[in-house]
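When a ligand or atom number is given, it counts from 1 through the structure's own listing order.
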Amino acid sequence: MLRIGILTSGGDCQALNAAMRGVVKGLATNVDNLEVYGFFNGYRGLIYGDYRLLTSRDFSGILTRGGTILGSSRQPFKLMREPDENGVNKVESMKSNYYKLSLDCLVILGGNGTQKTANLLREEGLNIIHLPKTIDNDIYGTDVTFGFYSAIDVACDAIDRIHTTAASHNRVFIVEVMGHKVGWLTLYAGTASGADIILLPEIPYSEKKIIEAIDKRHKEGKGFTIIAVAEGAISKEDAALSKKELKKKREKESHPSAAYRIAKLVEEKTGTEARVTVPGHTQRGGSPCPYDRALCTRLGSAAAKAIMDQKFGNMVAMVNGETKLVPLEKVAGKLKTVDPECQMIKEAKRVGISFGN
Ligand code: F6P
């Protein structure tokens, strides 16, 4: 008899169901008497005992389905040790539900914040396996996270569609791609769709350089410019401010986000019309791309093996094309950011893409 719990936490992405299917199929094919308890809406289900015994039928036909059959929610890590509004001790409650069900392991699918809580539960003595999910691709210790390639497809398609209309109107188009802290998605989607300027949180931009890049295109006879900007892109001046100073400055500005800040700059300094497109949560929606389906089947299957081998306390990562178990204690709390000096940035610059620096 093997009894596992499973939950999906944090922002959703396209391949969560595919990953859960991989885990459960990997176990069901090899273990007699498997019981799988699904906790609903992330850690909330584990805290408040909202769960259901699932059958293999629940995991059938979901390889291509976006979202998560278990639902998800954001439960900030920094509040995990704080009692809730009714005084409930969240950590004790999660442990108590785990032990009440006599679980052998809890499988947790999620991003950075989720991983920190997974590590906390490991420290508290629970058997944990973590699967790295996020369109941001910012989890340390794995080459890739699931959701990333599916989101590239969506963001890239948005920019592709902007290309034709931008050319018709000789405008500057700014497409805002998800990613507050890291720019992997903007870097890949921008490069894949031929964006002229790519602005990432890791490379604070100079306003002057952006204008120069647009002017250069105009001089070359190109009437339009496409800028892919990450949600967290920031100017050099703003990056030099303290958190408090920046918050104050943002409160005074009327721009809802980074893309609008760039649009205002472009209109003021070049006189060219600028338009903003924000694909937003469409980047997390729809079916997982084939790469993510295969990736999740592999990660899920590797997670099943880790559970059968009782190798708990690990993230199932993808390293150099191979699945690998990485101890949670080594990666929790670390972020995988874009190195401004990396090969891909240098290659992109060589083909004329400006990073505004
Ligand atoms: O972490 C995934 C992500 O989609 C980020 O790219 C984005 O900044 C954030 O979540 C949006 O969060 P929410 O769905 O809570 O608005």
Handout entry: Salt bridge D58-R52, side-chain N to carboxylate O under 4.0 Å
Key = yes
Handout entry: Interatomic distance, I62 atom CD1 to R21 atom CZ [nearest 0.5 angstrom]
Key = 8.0 Å
Handout entry: Distance in Å, I226 CD1 paired with S193 OG, rounded so as to fall on 0.5 Å steps
Key = 7.0 Å
Practice task
Taking Q14 for its side chain and G285 for its backbone only, find out whether a donor-acceptor pair lies under 3.5 Å.
Solution key: yes
Handout entry: ligand 1: protein residues within heavy-atom distance under 4.0 Å
Key = R74, I135, D136, M178, G179, H180, E231, H281, R284
Problem - Parallel, tilted or perpendicular: ring planes of Y291 versus Y149, cut at 30 and 60 degrees - result: tilted
Handout entry: Side chains of V182 and E202 in contact at under 4.5 Å (non-hydrogen atoms)
Key = yes
